[in-house]
Amino acid sequence: MLNHLLLLLHSRTTILYLKSLRLNYFTSPIISRRFFSALAAQYDSIDTSFTNTSDPVKEILRGFNTFGTNNFLSCNQFQTLISSLNTHQIDWIFYYLRSLDENSALLFFNSIQNEHGFRHSRVSEFAVCHILAGKLRLKDLRQVLTKMLEDQGPGSGPFLCELLENSFKDWKFTYMVWDMLANVYAKSEMVHDALVVLDKMRDLNFQASISTYNNLMHNLRHTDMIWEIYNEVRASGIPQSMYTYTIFINSLCKHSRLKDAVDFFRKTTGKEFRPCVVSFNTLMSGLCNMGFVDVAKSFFCMMYKCAVLPDCYSYNTLIHGLCTVGSVEEALNFYEDMLGNGVEPDVVTYNILANGFRLLGSMNGAYVVVENMRLKGLSPNQVTYAILMCGHCRSGNIEEVMKLKEQMLAQGLQRSRVCDNVVLSCLCRCGNANEALRLFNEIEASGVKADLMSYSILVHELCKEGKIKMAMQVYRKMQSKGIIINSYAHGAILSSLCKRGRVVEARKFFNTLAVSEILLYNIMIDGYAKIGLVDEAVQLFGEIIDSGLTPTISTYNSLIYVFCKNEKLDEAKGLLQNLIIHGLVPTAMTYTALMDAYSRKGNMDVVLQLFSEMERNDVPPTVVTYTVIIKGFCEQRRLRQALQAFDDMQTRGLIPDQIVYNTLIQGFCEVKDTGAAKRFLILHNIQPSPVTYNILISGLCMEQNLTGADTLLGTLRNLDIALTKTAYSTIIKAHCVKGSASKAVMLFNEMRDMGHEISIRDYSAVINRLCKACHIDEVKIILRLMLLDRISPDQDMCVEMIKAFCRGGDKSSVFELFAEMIKSGIVFI
DNA sequence: CTTTGAGATC
């Protein structure tokens with residue numbers, strides 16, 4: 001059979017003619033017709049020698065003949081013929097052609113695939129791979145395998161290994177196909193399958209190439225598996241390439257092992273290969289991302305010493321590093337330097353600079369950069385738009401964001417996932433969860449699939465708005481999509497449940513997660529801490545230790561907070577020592593929580609001790625730290641020291657906030673010196689907040705200066721400044737006790753008219769006070785208001801009122817009230 | 001193999 005076909009192919013003048021013209025036998029209708037006609041013409045001679053065999057090829061060749069009347073096949077007939085064959089039959093034709101002539105086999109393979117949409121079996125695809133490997137056509141080999149893996153998808157490793165092993169075991173170049181398979185798996189981000197192939201290769205004693213290792217290491221650069229792979233490379237003794245070194249440096253950087261990265265760089269650079277610009281760039285990028293821009297700059301200088309010229313990446317990396325630390329000016333110097341040295345800036349350069357201005361809050365600057373970019377003949381890309389959109393997103397300018405999105409699409413740029421996420425987070429920032437949800441569905445429907453971040457943004461926002469049910473729905477959808485959820489999305493749900501006091505639910509959710517991250521423990525512990533549940537917090541702390549995780553300073557801060565809240569000051573202080581022993585650095589929060597607790601106990605000595613310890617340990621105090629100190633002194637009526645602390649904080653460059661001012665004003669009021677409070681206000685040119693007015697009014701009331709309080713109220717009214725309910729309550733209470741009952745009623749009315757929500761507690765407070773002072777008429781007015789608000793008096797209030805009515809001899813009111821009590825079910829007859 | 005843009009506990 002083989003001989004016959006060989007004869008057939010090589011003796012036919014048609015074929016030789018076509019070959020000499022280097023024409024494709026199959027893709028052109030006429031040629032494929034001729035080719036198969038030629039085959040068909042030989043049918044009889046073949047047939048006679050093979051009538052008694054059941055060779056499948058013979059069957060197929062017989063098939064040719066039935067279409068080949070007059071020894072001609074039309075193009076349509078050829079197609080019909082091909083489509084009438086099954087995969088297995090095609091495989092056989094292909095196999096035979098392969099053994100005759102590899103070029104013909106490849107052409108046959110491609111023509112069927114391209115022209116007739118026929119899907120080859122994996123076997124014939126692998127056969128092609130082996131032909132290509134034999135001819136060292138590695139690019140084509142990669143292409144065939146890339147297509148195959150695209151088709152097969154992740155998880156196909158074991159299947160393809162089995163196929164290769166079973167059908168191609170003795171093929172000469174099979175080790176190359178194996179290697180390329182691992183290579184392409186790694187490159188297509190199907191790392192798991194790549195590892196399966198590699199494993200099998202070890203069994204078969206095939207050595208993987210360095211290119212395959214490089215691809216694999218690159219894809220594993222974020223994981224700890226890379227160390228293992230690199231050790232294998234070293235153990236195998238295969239020569240490493242420059243890429244290997246660069247990838248390894250990159251991975252060390254990604255693991256924040258900067259020192260190791262620098263050491264490795266020093267050890268390898270310039271030894272085997274001449275120093276490589278990409279290695280320099282990689283290292284500089286790692287350094288910049290960790291904030292060591294100065295070190296990166298020194299490597300930039302080193303490049304010149306090594307006779308390596310910085311390229312666009314080098315400049316971009318450094319410019320980016322400078323921009324992220326806010327040194328846009330220096331970044332611009334480097335940009336000038338770049339131009340001077342003849343390195344052409346690209347879109348990325350301008351994007352980085354525009355982003356630098358955005359980070360400084362200067363959108364104008366960003367737009368100027370984009371304008372310069374256009375002048376250079378470069379067009380903004382998706383990233384440029386994302387940067388601009390992000391800038392407007394920060395300030396909540398949704399219109400501008402949407403306008404930019406339109407502009408981007410009008411320029412023919414595709415919407416990108418990041419752009420969608422920027423818009424999504426902008427909507428969320430504006431508190432527009434419904435609109436965000438709508439956009440989210442739109443993203444899902446479009447080609448760009450929502451990713452982990454889109455989901456996280458949405459979950460976070462829904463949680464923030466308290467729409468936890470919806471958040472959980474989105475969360476479950478994310479689970480069902482097979483997205484690997486990281487601790488940020490989990491943290492969003494957990495922390496929003498905690499913030500809303502739904503700690504029990506939070507714990508239930510927490511228990512469903514296989515928590516292995518300290519972040520989630522921290523959120524949960526803090527949830528318990530905020531509501532004072534010390535035992536639960538301590539129990540979780542125990543779990544952290546048991547599971548081998550390392551507590552962070554946040555863990556300790558929350559624990560210290562909850563001990564303080566439970567007035568367990570010794571334990572709290574013990575924790576401070578404990579965390580220092582474990583090598584953690586206390587923060588201002590650590591000390592401030594402790595100081596606040598001691599200050600509440602009136603123990604200012606310890607507060608000051610802690611403060612100096614803080615100084616010794618180089619922990620800079622915050623405004624809150626000073627507020628605690630000031631409040632402590634105020635409560636002890638040590639105003640002079642409070643003011644001293646106030647001055648100290650300003651000398652340190654800390655800018656006092658409203659809370660600091662209000663604390664001091666309250667301090668003045670507590671020593672009954674509203675005069676000093678007002679002078680302080682004027683001296684520091686303070687714009688009083690509603691809280692400030694509350695403090696002042698209550699101060700005036702405490703001084704028994706009701707006239708002063710009334711005057712202040714009048715002034716505020718004239719200035720159209722609305723009072724809070726607390727301020728009203730304070731002054732009403734004072735009027736009930738010492739001043740004019742009618743004024744109290746008037747103010748109560750005013751408070752009610754201002755639209756403040758009046759509760760039964762507010763009513764009972766004023767009624768009880770009026771009753772005590774025997775202002776019966778006023779009691780009756782308030783009672784009427786209360787009934788008007790559809791609030792029924794409770795039993796205690798009724799008792800007070802009846803007592804007061806009896807004392808005043810107002811029998812009819814007693815009866816009226818009694819009737820009301822029966823009506824509202826307080827008294828049964 | 002290297003550069004830019006989005007979410008993120010106290």
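Below, read A as the first sequence line, B as the second, and so on, with proteins coming before strands; counting in each chain starts at 1.
- Nearest to the side-chain atoms of A:L452 among the listed nucleotides B:dG7, B:dT4, B:dC1 stands B:dG7.
- A:S456 comes within 4.0 angstrom of a base, heavy atoms only.
- For the pair A:E461 and A:K464, the salt-bridge criterion is met [side-chain N within less than 4.0 Å of a carboxylate O].
- Listed pair A:H490 / B:dT9 fails the phosphate criterion, with no side-chain N or O lying under 4.0 Å from OP1 or OP2.
- Side chains of A:N250 and A:K254: a donor on one and an acceptor on the other come within 3.5 Å.
- Nearest nucleotide to the side chain of A:Y243, out of B:dT3, B:dC1, B:dC10: B:dC1.
- Distance A:R358 CZ to B:dG5 P: 8 Å, rounded to the nearest Å.
- Nucleic acid contact class of A:V422 (heavy atoms, under 4.0 Å, all strands): sugar-phosphate only.
- Rounded to whole Å, atom C1' of B:dC10 lies 11 Å from atom CD1 of A:I525.
- Nucleic acid contact class of A:S416 (heavy atoms, under 4.0 Å, all strands): base.
- Taking 4.0 angstrom as the limit, A:H320 places none of its side-chain polar atoms (N or O) nearer than this to OP1 or OP2 of B:dT3.
- Candidate nucleotides B:dT4, B:dC1, B:dG7 were compared by shortest atom distance to the side chain of A:K187, and B:dC1 ranks first.
- Nearest to the side-chain atoms of A:V278 among the listed nucleotides B:dG7, B:dC1, B:dT3 stands B:dC1.
- Note on A:R417: nothing from the nucleic acid sits closer than 4.0 angstrom, heavy atoms only.
- When the side-chain nitrogen and oxygen atoms of A:N250 are compared with OP1 and OP2 of B:dT2, one or more of them lie within a distance under 4.0 Å.
- Electrostatic pairing of A:R438 and A:E442 counts as a salt bridge here, judged by a charged N lying under 4.0 Å from a carboxylate O.
- When the P atom of B:dA6 is taken as reference, atom CG of A:D451 falls 13 Å away, rounded to whole Å.
- Atom CZ of A:R394 and atom C1' of B:dG5 are 11 Å apart (whole Å).
- Computed from coordinates, the A:L353 CG to B:dT4 C1' distance equals 10 Å when rounded to whole Å.
- Among B:dT4, B:dG5, B:dA6, the nucleotide with an atom closest to any side-chain atom of A:I352 is B:dT4.
- Rounded to whole Å, the distance from CD on A:E517 to P on B:dT9 is 14 Å.
- For A:Q382, whose side chain is taken as the heavy atoms from C-beta onward, the closest listed nucleotide among B:dG7, B:dT3, B:dG5 is B:dG5.
- A salt bridge is defined here as a Lys NZ or Arg NE, NH1 or NH2 lying under 4.0 Å from an Asp or Glu carboxylate O, and A:R502 with A:E505 meets this definition.
- Relative to the side chain of A:I247, the nucleotides B:dC10, B:dC1, B:dT3 differ in distance, and B:dC1 lies closest.
- Taking a cutoff of 4.0 Å between a charged side-chain nitrogen and a carboxylate oxygen, A:R266 and A:D263 do not qualify as a salt bridge.
- With distances taken from any side-chain atom of A:L519 to the nucleotides B:dT9, B:dG5, B:dT3, the minimum falls on B:dT9.
- Contacts of A:K464 with the nucleic acid, taken as non-hydrogen atoms under 4.0 Å apart, are absent.
- Atom CD1 of A:I398 and atom C1' of B:dA6 are 14 Å apart (whole Å).
- Ring stacking holds between A:Y313 and B:dT2, with the centres under 5.5 Å apart and the planes within 30 degrees of each other.
- A:S188 places no side-chain N or O within 3.5 Å of a backbone atom of A:M190 that could act as its donor or acceptor partner.
- Distance NE2 (A:H460) to P (B:dG7): 11 Å, rounded to an integer number of Å.
- A:T282 comes within 4.0 angstrom of sugar-phosphate atoms only, judged by non-hydrogen atoms across all strands, and of no base.
- Across all strands, A:N215 comes closer than 4.0 Å to no nucleic acid atom at all (heavy-atom distances).
- The closest side-chain donor-acceptor pair between A:S209 and A:D179 falls under 3.5 angstrom.
- Nucleic acid contact for A:D526: sugar-phosphate only, since backbone atoms but no base atoms lie under 4.0 Å from a heavy atom of the residue.
- Residue contacts shown for A:N355 are limited to sugar-phosphate atoms, with no base heavy atom under 4.0 Å away.
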